[in-house]
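These numbers come from a predicted model, not from an experiment. Reminder, nothing fancy here: chain letters follow the sequence lines and each chain counts from 1.
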Amino acid sequence: MGQEIMAVAAARELRDNEMAFIGTGLPMIAAYLATFTHAPGLTLIFESGIIGAQPRGLAIGVGDFKLLSHCQKATSLYYALSLLQAGRVDVGFLGAAEVDQYGNINSTAIGDYRRPTVRLPGSGGANDIASLAKRVIIIVGHQRRKFPARLHYLTTPGFLDGGDSRRRAGLVGGGPSRVITDLAVLGFEPVSKRMQLESVHPGVTVEDVKAETGFELLVPSTIPETVPPTLGEIRLLRERIDPEGEYLAPPQPAAPKAV
Amino acid sequence: MGQEIMAVAAARELRDNEMAFIGTGLPMIAAYLATFTHAPGLTLIFESGIIGAQPRGLAIGVGDFKLLSHCQKATSLYYALSLLQAGRVDVGFLGAAEVDQYGNINSTAIGDYRRPTVRLPGSGGANDIASLAKRVIIIVGHQRRKFPARLHYLTTPGFLDGGDSRRRAGLVGGGPSRVITDLAVLGFEPVSKRMQLESVHPGVTVEDVKAETGFELLVPSTIPETVPPTLGEIRLLRERIDPEGEYLAPPQPAAPKAV
Amino acid sequence: MTQVSHGQKLISLAEAAALVPDGAHLTISGFAHSLAPLALVRELIRQGKGNFELTSMGDCWAADMLAGAGRLKRTRLSNYMFEGFGRCPNFSRAVEAGEVEADDYSHFAITSRWVAAALGLPSMPVRVMLGTDLVRKKPLDRDAIAEAPCPLTGEPLLFVRASRPDFALVHASRADAEGNVQVFGTVSTIEEQARAARRVIVTVEEIVSGQTIREQPESTLLPGFLVEAVVHVPYGAHPAGMFRHYNFDRQHVEHYVRAGKSPETFRQYLEAYVFGVPDHYAYLRKIGIRRLMELRADPWWGY
Amino acid sequence: MTQVSHGQKLISLAEAAALVPDGAHLTISGFAHSLAPLALVRELIRQGKGNFELTSMGDCWAADMLAGAGRLKRTRLSNYMFEGFGRCPNFSRAVEAGEVEADDYSHFAITSRWVAAALGLPSMPVRVMLGTDLVRKKPLDRDAIAEAPCPLTGEPLLFVRASRPDFALVHASRADAEGNVQVFGTVSTIEEQARAARRVIVTVEEIVSGQTIREQPESTLLPGFLVEAVVHVPYGAHPAGMFRHYNFDRQHVEHYVRAGKSPETFRQYLEAYVFGVPDHYAYLRKIGIRRLMELRADPWWGY
């Protein structure tokens with residue numbers, strides 16, 4: 001259910017006819033859900049060079065041949081990413097190993113950069129998406145170690161040091177607009193650019209969110225509950241988009257799969 | 001015969017396995033001749049985006065579908081010209097409305113630039129070729145008005161003001177190596193970069209060349225005669241490359257062509 | 001999981017021309033005698049549109065027709081020439097008469113202005129034009145170029161400013177109703193022009209299904225999101241040609257070049273082929289079915 | 001007028017690996033589980049080659065194999081991840097152990113370093129990496145980037161220096177004997193890598209005639225003059241896949257990732273699949289014909 005409400009909350013952030021830069025996993029599920037509900041005119045772009053994908057089923061990655069087959073344009077990584085720099089991409093999705101109070105992300109290393117405790121995959125297109133898309137939605141599990149006071153490495157820009165530091169650095173994209181977790185939906189206070197709570201998911205308290213956040217979170221006086229998934233959304237997720245439960249917890253114990 | 005000796009002299013400037021940026025008319029005839037004689041491994045590139053052409057017959061322009069059909073790579077103008085900037089092109093050919101003593105070329109305007117007496121086509125890729133190719137061969141009819149002391153407009157760089165002014169301007173290509181006319185073959189003195197006579201065509205005197213040159217030409221003490229076309233070269237030109245006499249004076253009065 | 005079909009972009013030639021206002025800054029496809037959206041240019045002239053500004057690489061045909069009809073105000077260009085037939089008669093005369101302002105670039109530099117815009121950069125560095133009058137004489141574009149050293153190596157470079165024309169007018173081989181465009185053969189600067197322009201109108205030889213496009217997504221030059229409108233115009237480049245569809249019309253080109261020798265004879269040409277025909281099919285009827293059939297490409301050689 | 005055939009570029013896999021010296025600076029094709037020249041990488045390891053430097057966008061497979069075999073000295077990279085299977089085990093462990101030096105970029109910035117080289121520019125401006133540790137922490141490449149304003153607009157930009165690796169190692173769909181290369185599907189950064197590198201070696205699924213290439217010249221990614229050597233290696237990307245030829249081998253990937261969990265088990269993997277097989281066909285026999293057939297792509301969907 002945590003996964004499902006994240007997918008639904010993310011899907012609702014997408015508007016019809018937008019250009020969306022998509023990663024795999026929950027962002028892809030959210031994009032499919034949006035396409036089947038309120039945003040049929042969404043154009044899906046993947047950094048692998050796939051433009052206007054018409055995917056048959058869930059893909060395991062942005063390079064998946066399922067996304068490539070019968071897309072509108074099969075091209076290069078440089079082409080896809082240059083669409084971002086040209087300001088043509090409305091919204092991008094990002095995951096994170098760590099995210100700080102200004103929406104900056106670490107996906108490179110835990111510990112010292114030159115001799116890390118854990119070497120992570122690195123930016124990939126994440127820095128590009130976060131630097132350049134009109135807005136960015138971060139999807140991340142809400143655990144205290146993932147919401148630290150200070151990142152080990154700043155891979156991907158949110159609002160940097162807050163205020164107008166992002167614009168002053170020369171970053172032309174709009175920055176993160178939402179952080180969607182399994183506990184809550186968060187946003188950014190317009191002037192300071194500090195992260196603030198927008199809504200808590202059903203059954204979650206403000207204190208639950210604070211307990212799993214390693215920095216001081218802005219909490220407006222009234223916090224609504226996240227609008228829960230509708231039955232229609234749940235059915236689309238479970239029956240049409242991810243019937244095997246590859247990304248979402250399966251509704252019942254999965255049968256053993258043939259290899 | 002003037003055209004034929006120009007084509008032969010130009011062909012001899014090409015070496016096997018070079019990358020050659022080709023225009024239409026005499027440069028194309030010269031390239032074909034080189035391919036059929038000493039340079040079978042020549043790669044022909046056209047600014048229109050045609051790489052590795054295998055032309056069936058003479059083309060009327062660099063955009064001709066005869067060049068495009070069954071080439072190795074059909075691409076964009078930007079791609080073709082960027083090969084020049086990457087230093088991958090050994091030799092380029094240029095025509096000229098005017099050429100000065102440093103091999104600078106005008107192909108833009110005669111008279112005042114803003115209100116010219118004669119508006120010419122403009123640089124096209126000529127400035128790019130002359131700026132960037134390792135060496136450039138200029139092919140032009142030898143008439144005094146085409147060899148002026150001062151250009152009306154400097155479209156395409158030769159050695160600019162001579163000496164090392166070309167390098168100082170930031171131009172990375174080697175500049176013009178030869179000027180081939182219907183009277184002579186000319187080159188450039190290595191230090192001053194002024195144009196100097198290299199050889200005169202059979203039946204032409206040094207005085208003939210000087211009379212048709214509007215600036216002071218460097219003339220070394222001994223000037224050989226241009227090696228005349230061989231019978232084999234003449235036969236290739238007249239029988240195989242340009243049997244209709246489209247660019248070379250036909251060997252006998254042409255029959256009226258059907259439209 | 002099939003995609004819901006997007007808004008239809010197919011419109012008529014008259015509707016397409018009506019989108020373009022007087023005084024617009026245009027960039028138009030074309031290289032020598034191919035890829036020119038001449039049916040659309042004729043319709044613009046027919047509708048009385050003009051006072052245009054152009055940014056041009058190889059659209060000799062569009063530029064010369066617009067100049068000859070008195071619809072061209074100024075142009076930044078790298079080359080206007082009718083390959084194999086000499087100078088563009090109307091354009092040359094208009095510049096010589098002071099009726100059209102011109103500012104010259106090299107092919108690579110003018111294209112780099114579109115590349116900068118396509119890449120979302122304020123400018124692109126190039127190593128051309130340096131030391132020449134292309135840099136020194138800039139009646140229109142003094143602030144569009146700057147010599148500056150590479151910040152990393154100190155090498156001298158020329159930075160050319162991103163150019164964002166109001167419209168790219170493009171003729172291509174085929175498209176689907178969502179505006180995905182494919183081109184057979186060389187693609188000239190169509191991609192750079194379309195990515196640089198604020199709005200893109202494409203005329204095509206054939207409308208095909210989205211499925212046809214998606215069977216060869218490697219061949220898509222312009223994805224649908226770049227394209228605002230698509231117009232089906234067979235022989236839409238005539239008298240220029242389209243690789244794999246038809247050759248340029250040498251007879252008609254010679255006729256045009258002769259007509260262009262004087263304003264009087266060119267006015268007669270426009271009367272006959274633009275004002276005197278109500279639409280593109282009337283134009284094609286005037287050219288004649290026999291001639292159109294003669295121009296068709298051989299399916300093996302593509303021309 | 002037919003063209004005389006050029007020097008033959010077809011060589012064996014062993015000959016191709018022998019061209020690459022110890023300590024070379026490499027760039028290798030690959031995006032996620034596709035386009036990886038893994039037969040060539042295995043042959044490099046088999047021949048004892050190592051001490052390599054990499055400049056990388058998406059060649060997770062090559063990088064992880066080289067790191068696991070102790071052949072990788074340093075890398076500038078934007079991302080190494082086995083999509084759907086987590087981190088690259090050997091690479092991550094090697095960095096954590098201080099055995100491999102890493103310097104991080106974004107995809108767009110590292111690719112722009114090849115774009116600069118491809119275009120013959122000393123550097124390219126980008127609007128990414130600004131404000132982050134990708135700019136501040138540069139153990140290898142302090143002088144490869146510089147923040148500087150656009151000379152025309154004053155906007156803040158990051159200039160990244162042209163990168164010219166010694167070799168680009170590429171796996172592609174098909175080529176002819178002159179080295180003209182075509183790729184089905186997305187092309188990752190193959191074009192930028194091949195244009196940036198000093199020497200280019202391409203392994204391909206199929207060798208086709210020059211005529212076949214010339215029938216679809218629009219599909220040629222690398223023209224022959226860029227390519228020094230071509231090697232025919234069917235299933236040369238295994239366990240990665242090739243669009244329209246075969247899918248990546250999920251079973252084998254899972255096996256590899258498990259083996260990569262410790263140096264000991266990965267040594268066993270190398271023994272079994274690299275050192276224990278004399279050549280690529282022996283490797284394919286070990287994978288098994290039945291499995292290779294299972295991986296074949298459906299001709300309609302391409303996977």
Counting only non-hydrogen atoms closer than 4.5 Å, does D/Val115 touch chain A with its backbone (N, CA, C, O), its side chain (CB onward), both, or neither?
side chain
With chain A, which of D/Ala94, D/Gly86, D/Ala97, D/Cys88 has the greatest number of heavy-atom pairs at distances under 4.5 Å?
D/Ala97
Pairwise side-chain contact, D/Thr111 with A/Leu81, heavy-atom cut-off 4.5 Å (strictly under)
no
Any side-chain heavy-atom pair from A/Tyr113 and D/Pro139 closer than 4.5 angstrom?
yes
Quick check: does any side chain N or O of A/Asn127 sit under 3.5 Å from a backbone N or O of D/Ser106, one acting as donor and the other as acceptor?
no
Which atoms of A/Lys73 approach chain D - backbone, side chain, both or neither, heavy atom under 4.5 Å
neither
Relative to chain D, which of A/Ala126, A/Pro116, A/Gly173, A/Gly49 shows the most heavy atom pairs under 4.5 Å?
A/Pro116
Contact part of A/Ser107 toward chain D, heavy-atom cut-off under 4.5 Å: side chain, backbone, both or neither?
neither
State, with a plain yes or no, whether a side-chain heavy atom of D/Arg250 is found less than 4.5 Å away from one of A/Ile60.
yes
Taking D/Ser188, D/Gly241, D/Cys60 one by one, which has the highest count of heavy-atom pairs under 4.5 Å against chain A?
D/Ser188
Quick check: does any side chain N or O of A/Gln85 sit under 3.5 Å from a backbone N or O of D/Arg127, one acting as donor and the other as acceptor?
yes
For atom CZ of D/Arg136, decide whether the heavy atoms of other residues, nucleotides or ligands shown that lie under 6.0 angstrom number more than 12.
yes
Report the distance from atom CG of A/Asp112 to atom NZ of D/Lys137, rounding to the nearest 0.5 Å.
7.0 Å
At a 4.5 Å cut-off on heavy atoms, which part of D/Arg244 comes close to chain A: side chain, backbone, both, or neither?
neither
For atom CZ of A/Arg150, decide whether the heavy atoms of other residues, nucleotides or ligands shown that lie under 6.0 angstrom number more than 12.
no
State the OG1-CD1 distance between D/Thr186 and A/Ile51, to the nearest 0.5 angstrom.
10.5 Å
Set out, in order, the CA-CA distance, both residues' side-chain angles and the distance that settles side chain to side chain contact (heavy atoms under 4.5 Å, CB included) for D/Phe108 and A/Ile129, then state yes or no.
CA-CA 10 Å; D/Phe108 195 65; A/Ile129 292 167; over 6 Å; no
Region of D/Trp300 in contact with chain A, defined by heavy-atom distances below 4.5 Å:
both
Donor + acceptor pair across side chains of A/Arg56, D/Tyr303 (<3.5 Å):
yes
What part of D/Phe31 gets within 4.5 angstrom of chain A, counting heavy atoms only: side chain, backbone, both, or neither?
side chain
Quick check on the interface: out of D/Phe82, D/Tyr105, D/Phe91, who has the most heavy-atom pairs with chain A under 4.5 Å?
D/Phe91
Quick one, A/Ser76 and D/Glu192 - any side-chain contact, counting heavy atoms below 4.5 Å?
yes
Would you call the rings of D/Phe243 and A/Phe65 parallel, tilted or perpendicular, where under 30° means parallel and over 60° means perpendicular?
perpendicular
Pick one of side chain, backbone, both or neither for A/Leu160, based on which atoms fall under 4.5 Å of a heavy atom in chain D.
side chain
Taking C-beta and beyond as the side chain, do A/Thr75 and D/Val187 meet within less than 4.5 Å on heavy atoms?
no
Would you call A/Tyr78 and D/Ser112 a side-chain contact if the rule is heavy atoms closer than 4.5 Å?
yes
Test A/Arg119 against D/Asp104 for salt bridge (Lys or Arg N to Asp or Glu O under 4.0 Å), laying out the working first.
CA-CA 11 Å; A/Arg119 169 68 214 198; D/Asp104 279 79; 2.7 Å; yes
Best-contacting candidate, D/Gly84, D/Gly185, D/Ala32, D/Ala297, against chain A by heavy atom pairs under 4.5 angstrom
D/Gly185
Select, from A/Ser69, A/Gly125, A/Ala169, the one with the greatest count of heavy-atom pairs under 4.5 Å involving chain D.
A/Ser69
A/Ser123 vs D/Leu134, test: side chain to side chain contact (heavy atoms under 4.5 Å, CB included). Steps then yes/no.
CA-CA 9 Å; A/Ser123 159; D/Leu134 295 174; 4.2 Å; yes
Hey, could you give me the OG/CG distance between D/Ser92 and A/Leu120, rounded to the nearest 0.5 Å?
7.5 Å
So which part of D/Glu96 gets closer than 4.5 Å to some heavy atom of chain A, the side chain, the backbone, both or neither?
both
Between D/Asp133 and A/Thr155, is there a donor-acceptor pair closer than 3.5 Å when you use the side chain of the first and the backbone of the second?
no
Rounded to the nearest 0.5 Å, how far does CZ of A/Arg166 lie from CG of D/Leu130?
10.0 Å
If you round to the nearest 0.5 Å, how far is CG of A/Leu171 from OG1 of D/Thr132?
8.5 Å
Working for side chain to side chain contact (heavy atoms under 4.5 Å, CB included), residues A/His70 and D/Trp301
CA-CA 8 Å; A/His70 294 75; D/Trp301 293 111; 3.6 Å; yes
Between A/Gly170, A/Gly61, A/Pro121, A/Ala74, who has the most heavy-atom pairs with chain D when the cutoff is under 4.5 Å?
A/Pro121
Give a yes or no answer on whether the side chain of D/Glu83 reaches the backbone of A/Val62 with a donor-acceptor pair at less than 3.5 Å.
yes
Working to the nearest 0.5 angstrom, can you tell me the gap between D/Asn79 CG and A/Thr108 OG1?
9.0 Å
Do you know which of D/Met81, D/Arg87, D/His33, D/Arg93 has the most heavy-atom pairs with chain A at a distance under 4.5 angstrom?
D/Arg87
